[in-house]
Amino acid sequence: MENNGICHHIKAIKTLKVAKEYTCEECIKIGSDWVHLRTCQTCGVTLCCDSSPMQHMSHHCKKVSHPVVISSEPGERWLYCYIDDEMDGY
């Protein structure tokens, strides 16, 4: 983490990747429900959050080492880094 309180993974995000559709593609494949959606800032995939039964985004980020997601919920404007456990608004 850097001295100004924002981790370097979040600082590296220059352009936000937003959800193409308001769905978790992995939940749809298996017929599961989701609570909230997050969009990966490395590859742009939109998956369900840790409050959802399957926690697809958390598993995705850990499996492929993609550190930063944004909330894809209407009205929410924040980024989260899984590696540094840091959140920042935008």
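As a basis for the values below, the full set of heavy atoms in this structure was taken, side chains included, without hydrogen atoms, waters or symmetry mates.
Between the side chain of Q41 and the backbone N or O of T39, at least one donor-acceptor pair lies under 3.5 Å. Between the side chain of Q55 and the main chain of C48, no donor-acceptor pair closer than 3.5 Å is present.
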Do M54 and C24 pass the side chain to side chain contact (heavy atoms under 4.5 Å, CB included) test, and can you show the C-alpha distance, the side-chain angles, and the key distance before you say yes or no?
-> CA-CA 10 Å; M54 302 307 294; C24 173; over 6 Å; no

Working for side chain to side chain contact (heavy atoms under 4.5 Å, CB included), residues I30 and H56 | CA-CA 11 Å; I30 62 171; H56 285 120; 4.1 Å; yes

Steps toward side chain to side chain contact (heavy atoms under 4.5 Å, CB included) verdict (W34, T23) = CA-CA 8 Å; W34 59 85; T23 59; 3.9 Å; yes

Quick one: do V69 and C61 satisfy side chain to side chain contact (heavy atoms under 4.5 Å, CB included)? Show the steps, please.
-> CA-CA 9 Å; V69 298; C61 288; 3.6 Å; yes

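Closest of all the heavy-atom pairs between E86 and I10 is O-CD1, 3.6 Å. In terms of heavy-atom proximity, C40 sits nearest to C43 at SG-N, 3.6 Å. Closest approach of E73 and H36 over heavy atoms only: OE2-CA, 3.2 Å. Of all heavy-atom pairs spanning V35 and S51, the tightest one is CG2-O, 3.4 Å.
With no hydrogens or angles considered, a side-chain donor-acceptor pair links S71 and R38 at under 3.5 Å.
Under a hydrophobic clustering in which Ile, Leu, Val, Met, Phe, Trp and Tyr are joined whenever their side-chain heavy atoms come within less than 4.5 Å, directly or via other members, M87 and L47 fall into the same cluster. Cluster membership check: I13 shares its hydrophobic cluster with V18, using side-chain heavy-atom separations under 4.5 Å among Ile, Leu, Val, Met, Phe, Trp and Tyr. Linking ILVMFWY residues whenever their side-chain heavy atoms come closer than 4.5 Å, directly or via other members, leaves V45 and Y22 in distinct clusters.
Atom-to-atom distance recorded for I6:CD1 and L79:CG is 9.5 Å, nearest 0.5 angstrom. Between L37 atom CG and E21 atom CD the span is 11.0 Å, to the nearest 0.5 Å. Distance check, rounded to the nearest 0.5 Å: NE2 of H60 to OG of S65 gives 10.0 Å. The distance from atom CG of D88 to atom CD1 of I70, rounded to the nearest 0.5 Å, is 12.5 Å.
Every pair passing ring-ring contact (aromatic ring centres under 6.0 Å, His included) that includes a residue from residues 70-90 is listed here, sequence neighbours excluded: Y80-Y82. Under the salt bridge (Lys or Arg N to Asp or Glu O under 4.0 Å) criterion, the residue pairs touching residues 24-37 are E26-K29, with sequence neighbours excluded.
Taking the ring pair (Phe, Tyr, Trp, His ring centres under 6.0 Å) definition, one finds that H9 meets it with nothing, sequence neighbours left out.
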